[in-house]
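So the structure is just underneath, and the comments pick up after that.
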Amino acid sequence: MKIKSHIAAIFQEAFTQSGIEPQGEIAIHEATKAQFGDYQYNGIMPLAKLYQTNPREIATKVASHIQTDGVIEKVEVAGAGFINIWLSDNTLSHYATKALADERIDVAITSHPQTIVVDYSGPNMAKEMHVGHLRSTIIGDALAKLFEFLGHCVIRQNHIGDWGTQFGMLVAYLEAQGVEQSGELKDLEAFYKAAKKRFDEDAHFANTAREYVVKIQQGDTHCLELWERFIGISLSHCQEVYHKLDVSLSPKDVRAESFYNEDLSHIVTDLENAHLLQISQGAKCVFLESEEIPVIVQKGDGGYLYATTDLAALRYRATKLKANRILYVVDARQSSHFKAVFDVAQKAGFVPQETKLEHIAFGTMMDKSGKPFKTRDGGTVKLIELLDEALIRAKEAIKERENYSQGELETLAKVVGIGAVKYADLSINRQSNYIFDWDKMLSFEGNTSLYLQYAYARIQSILKKYEGDVGACEIAIGDAIEHTLVLSVLKFEDVLTKASLDATPHTISAYLYDVATDFMKFYEQNPILKEGLEKATKESRIAIASLCAKTIELGLEILGIKVLNRL
RNA sequence: GCGUUCAUAGCUCAGCUGGAUAGAGCACUCGCCUUCUAAGCGAGCGGUCAAAGGUUCGAAUCCUUUUGGACGUACCA
């Protein structure tokens with residue numbers, strides 16, 4: 001349920017009745033301490049300043065008009081002029097029971113659906129996916145799922161790098177090796193290195209490679225075929241990683257760089273027609289007042305650059321795909337690039353003013369000692385190897401705990417290992433650099449995927465033992481612990497809404513961790529299946545537990561993480 | 001040099017766009033299993049929110065300066 005806006009509406013009514021005009025939107029905050037109730041309203045104090053009166057006086061007046069026969073149980077004026085808000089057990093119980101019966105646990109489908117483009121992952125076809133692609137892929141996928149769940153139309157765009165000079169070399173090498181025996185392509189990295197070596201050592205080959213670059217660009221059938229074949233193989237490597245990582249990207253989401261080739265010259269002429277273009281040192285540039293450095297859209301030799309492609313993609317997404325919101329889940333180091341490109345696109349009218357362009361920036365992945373994540377010899381870590389290691393480590397982390405069969409262990413390791421890698425990334429503020437620490441992410445303690453999966457499994461174990469229809473049970477909050485827990489669960493919709501507006505998956509993880517810890521406390525104190533419990537109490541508790549499980553499951557699903565019935 | 005960004009407990013991180021005594025987890029010290037998974041729960045310890053000014057009823061949050069780090073800085077993406 002939308003708790004905050006629900007409360008805000010009641011406050012709006014109270015303001016109207018007391019003849020006071022609130023300043024802007026009524027912002028309801030969660031109470032900072034339990035003694036201050038469930039929620040609080042802090043907007044009276046700035047208002048009092050405007051009216052030049054005593055804040056407590058206004059607060060008291062507004063509070064006296066608050067309806068307390070619905071979701072709000074009581075309000076209290078406190079401190080300098082805070083209004084503290086307590087919610088009603090009965091109403092919360094009612095909403096919780098309703099949520100339990102609903103597949104979406106009563107989270108509404110948005111009434112303002114948008115078309116949202118999410119650009120993420122974006123691997124380079126010349127090389128194998130490495131850790132640098134991990135964050136974009138994980139965060140982007142979670143955001144796409146979040147928007148989708150809320151009822152938006154999501155268009156995933158995997159902007160793969162399939163164009164550029166290195167493909168001449170790779171394609172020439174592919175041909176030299178024999179197209180049918182492309183066995184070496186099992187390891188793209190090795191293939192690239194071998195091609196590079198040959199390029200450096202064999203002048204004749206280097207010439208062919210350079211010729212092929214031109215030929216590909218000119219549409220030479222033979223070279224294009226080779227190129228397509230190469231891209232196909234490389235892309236299948238990516239799909240393998242996506243499958244292992246359990247992300248929703250598929251080949252149909254690919255909208256490669258090369259897709260925009262034909263449009264690049266138009267971008268330049270359109271910028272020219274809009275009088276935005278200047279020639280500087282031989283290159284065609286757009287100079288922005290805010291930036292010292294121009295955005296170069298065409299090189300001195302006539303070649304186009306990534307800014308040109310990005311502009312074409314931006315226009316395509318805004319006009320052809322009719323996006324209301326376009327998100328780029330890309331490393332924070334490119335923030336100045338996106339700032340400039342967005343600026344140019346808007347000035348040139350490539351995107352309508354009302355289209356929201358957002359660079360969803362994230363920090364660099366660091367190792368335990370705080371240095372950029374690398375292999376021992378300083379190379380980049382292949383993503384597929386990192387994921388394989390996750391499975392091995394997950395197995396290590398759980399195998400001693402229970403007597404799992406080999407098959408069971410394999411299944412568990414996948415869910416646990418991949419979940420841990422994703423959750424570690426999604427549980428911290430994406431803007432900052434983050435420390436990749438195997439031991440921490442595979443711990444059962446603290447804000448980890450395992451803790452949530454464990455809480456879920458505990459509930460499943462209880463549900464399995466319960467003989468009755470949980471769906472028919474009614475929730476009736478019996479004490480303060482249950483009040484807190486049920487309220488936590490009902491905050492789900494508020495949390496998802498906020499996370500989708502700010503594109504901050506970590507607020508969802510923080511929330512799920514809250515739900516899980518609240519559940520653990522409840523679990524310790526309020527036995528569910530104990531003999532001699534009153535029927536209504538037992539039913540209410542099992543229903544609360546079930547609702548918690550559903551919330552955790554759904555929340556993790558949005559983050560792209562699976563749950564387990566036994567752990 | 002210029003620009004962006006960051007600095008919160010020993011460590012890893014929250015802090016909801018200015019609110020009440022700054023919160024978690026780890027680590028450390030205690031306590032809790034004849035009861036639904038102790039992979040858990042509870043309690044304690046731990047802070048000059050980098051520093052100094054300013055804005056105001058009120059600042060970790062906004063502004064300025066300083067210090068320290070990361071990143072970017074025109075024909076790579």
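Numbers restart at 1 for each chain; the letters A, B, ... are given by sequence-line order, proteins then strands.
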Filtered N/O pairs between nucleotides 2-9 of chain B and protein, under 3.5 Å:
| unit_1 | atom_1 | unit_2 | atom_2 | d |
| --- | --- | --- | --- | --- |
| B:C2 | O2' | A:Glu292 | OE1 | 3.1 |

Students often get this wrong, so: under 4.0 angstrom with heavy atoms, is [X] touching a base, only sugar-phosphate, or nothing?
X	answer
A:Ala332	nothing
A:Leu450	nothing
A:Asn84	base
A:Arg401	base
A:Lys4	base
A:Ala545	nothing
A:Phe167	nothing
A:Asn429	sugar-phosphate

Q) So, is the end of the A:Arg255 side chain (NZ or CZ) under 6.0 Å from the ring centre of A:Tyr316 and within 45° of the ring's axis? A) no
Q) Is it the case that A:Lys491 places NZ or CZ above or below the six-membered ring of A:Tyr39, under 6.0 angstrom from the centre and within 45 degrees of the axis? A)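 Pair A:Lys491/A:Tyr39 counts as cation-pi.
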Q) What closest approach, in Å, do A:Thr551 and A:Leu512 show between heavy atoms, and which atom pair accounts for it? A)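 Of all heavy-atom pairs spanning A:Thr551 and A:Leu512, the closest is O-CD2, 3.8 Å.
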Any idea which of [options] is nearest the [X] side chain?
X	options	result
A:Asn42	B:U21, B:G19, B:U12	B:G19
A:Gln40	B:A20, B:A14, B:U12	B:A20
A:Ile428	B:G15, B:G40, B:C13	B:C13
A:Ser336	B:G72, B:A38, B:G15	B:G72

Whole-Å gap separating [atom2] ([N]) and [atom1] ([X]):
X	N	atom1	atom2	value
A:Arg458	B:U37	CZ	C1'	6 Å
A:His29	B:U61	NE2	C1'	13 Å
A:Asp439	B:A27	CG	C1'	14 Å
A:Tyr454	B:C36	OH	C1'	11 Å
A:Trp438	B:U12	CH2	C1'	17 Å
A:Arg541	B:U35	CZ	P	18 Å
A:Tyr39	B:A20	OH	C1'	19 Å
A:Leu567	B:G40	CG	P	11 Å

(Q) As a check on the pairing definition, encode RNA chain B in dot-bracket form, counting Watson-Crick and G-U wobble pairs whose two distances are under 3.5 Å, and using | for partners outside this strand. (A) (((((((..((((.....[...)))).(((((.......))))).....(((((..]....))))))))))))....
Q: Between A:Ile462 and A:Ile83, just flag the one whose closest nucleotide in RNA chain B comes earlier from the 5' side.
A: A:Ile83
Pair up each side-chain donor or acceptor in residues 358-374 of chain A with any protein partner under 3.5 Å, not counting sequence neighbours, and list the distances.
| unit_1 | atom_1 | unit_2 | atom_2 | d |
| --- | --- | --- | --- | --- |
| A:Glu358 | OE1 | A:Arg325 | NH2 | 3.2 |
| A:Glu358 | OE2 | A:Arg325 | NE | 2.6 |
| A:Glu358 | OE2 | A:Arg325 | NH2 | 3.4 |
| A:His359 | NE2 | A:Val330 | O | 2.8 |
| A:His359 | NE2 | A:Asp331 | O | 3.4 |
| A:Asp367 | OD1 | A:Ser369 | N | 2.9 |
| A:Asp367 | OD1 | A:Ser369 | OG | 2.8 |
| A:Asp367 | OD1 | A:Gly370 | N | 3.1 |
| A:Asp367 | OD1 | A:Lys371 | N | 3.0 |
| A:Lys368 | NZ | A:Asp439 | OD2 | 3.3 |

Q. Do the ring centers of A:Phe342 and A:Tyr328 come within less than 6.0 Å of each other?
A. yes
Q.
Tell me whether A:Asp301 at atom CG has more than 12 heavy atoms from other residues, nucleotides or ligands lying less than 6.0 Å away.
A. yes
(Q) Roughly how many Å apart are B:C16 and B:C28, using the P atom of each and rounding to a whole number? (A)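 Rounded to whole Å, the distance is 31 Å.
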Q) Considering only heavy atoms, which members of residues 514-538 of chain A lie under 4.0 Å from some atom of RNA chain B? A)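 Those residues whose heavy atoms fall under 4.0 Å from RNA chain B, taken from residues 514-538 of chain A in numerical order, are A:Met520, A:Lys521, A:Tyr523, A:Glu524, A:Asn526, A:Pro527, A:Ile528, A:Leu529.
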Q. Is there a residue in residues 361-369 of chain A whose heavy atoms reach under 4.0 Å of RNA chain B, and which residues are they?
A. none
Q.
Stacking between B:A20 and A:Phe82, yes or no? Criterion: centroid separation under 5.5 angstrom, plane angle under 30 degrees.
A.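 Yes, aromatic ring over the base.
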Distances for protein N/O vs nucleotides 23-26 of chain B N/O pairs under 3.5 angstrom?
| unit_1 | atom_1 | unit_2 | atom_2 | d |
| --- | --- | --- | --- | --- |
| B:G23 | OP1 | A:Lys33 | NZ | 3.0 |

Q | With sequence neighbours excluded, residues passing side-chain hydrogen bond (donor to acceptor under 3.5 Å, both in side chains) with A:Asp200 | A |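 side-chain hydrogen bond (donor to acceptor under 3.5 Å, both in side chains) list for A:Asp200, sorted by chain: A:Lys196.
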**Q.** For B:C33, glycosidic torsion class - syn if within 90° of 0, otherwise anti
**A.** syn
Could you list the protein-to-nucleotides 49-51 of chain B atom pairs, N/O on both sides, closer than 3.5 Å?
none

Please list, one pair per line, the donor and acceptor atoms closer than 3.5 Å that link side chains of residues 441-449 of chain A to other protein atoms, with sequence neighbours excluded.
| unit_1 | atom_1 | unit_2 | atom_2 | d |
| --- | --- | --- | --- | --- |
| A:Ser443 | OG | A:Glu445 | N | 2.8 |
| A:Ser443 | OG | A:Glu445 | O | 3.4 |
| A:Asn447 | OD1 | A:Tyr423 | OH | 2.5 |
| A:Thr448 | OG1 | A:Ser443 | O | 2.8 |
| A:Thr448 | OG1 | A:Tyr451 | N | 3.2 |
| A:Ser449 | OG | A:Ala420 | N | 3.4 |

Q: Report yes if a side-chain nitrogen or oxygen of A:Tyr451 is closer than 4.0 Å to either non-bridging phosphate oxygen (OP1 or OP2) of B:C41; otherwise report no.
A: yes
Q. Quick one: are A:Leu277 and A:Gln298 in side-chain contact, heavy atoms under 4.5 Å?
A.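 No. Closest side-chain heavy atoms not under 4.5 Å.
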Please produce a list of atom pairs where a protein N or O lies less than 3.5 Å from an N or O of nucleotides 54-58 of chain B.
| unit_1 | atom_1 | unit_2 | atom_2 | d |
| --- | --- | --- | --- | --- |
| B:U56 | O3' | A:Lys49 | NZ | 2.9 |
| B:C57 | OP1 | A:Lys49 | NZ | 3.0 |

Could you list, one pair per line, each protein nitrogen or oxygen that sits under 3.5 Å from a nitrogen or oxygen of nucleotides 74-77 of chain B, together with the distance?
| unit_1 | atom_1 | unit_2 | atom_2 | d |
| --- | --- | --- | --- | --- |
| B:A74 | N6 | A:Gln281 | NE2 | 3.0 |
| B:A74 | N1 | A:Ser280 | OG | 2.8 |
| B:C75 | O2 | A:Gly300 | N | 2.9 |
| B:C75 | N4 | A:Gln281 | O | 2.3 |
| B:C76 | OP2 | A:Lys299 | NZ | 2.9 |
| B:A77 | OP2 | A:Tyr306 | N | 3.2 |
| B:A77 | O3' | A:Glu257 | OE2 | 2.6 |
| B:A77 | N7 | A:Tyr306 | OH | 3.4 |
| B:A77 | N6 | A:Tyr306 | OH | 2.3 |

**Q.** Nearest-0.5 Å distance that lies between atom OG in A:Ser546 and atom CG in A:Leu463
**A.**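 Interatomic distance, A:Ser546 OG to A:Leu463 CG, rounded to 0.5 Å: 5.0 Å.
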**Q.** Full working for ring-ring contact (aromatic ring centres under 6.0 Å, His included) between A:Phe82 and A:Phe36
**A.** CA-CA 9 Å; A:Phe82 301 94; A:Phe36 299 145; 7.2 Å; no
Q.
Does anything in residues 531-552 of chain A form a salt bridge (charged side-chain N to carboxylate O under 4.0 Å, His left out)? List the pairs, not counting sequence neighbours.
A.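 Residue pairs passing salt bridge (charged side-chain N to carboxylate O under 4.0 Å, His left out), neighbours aside: A:Glu482-A:Arg541, A:Lys535-A:Glu539.
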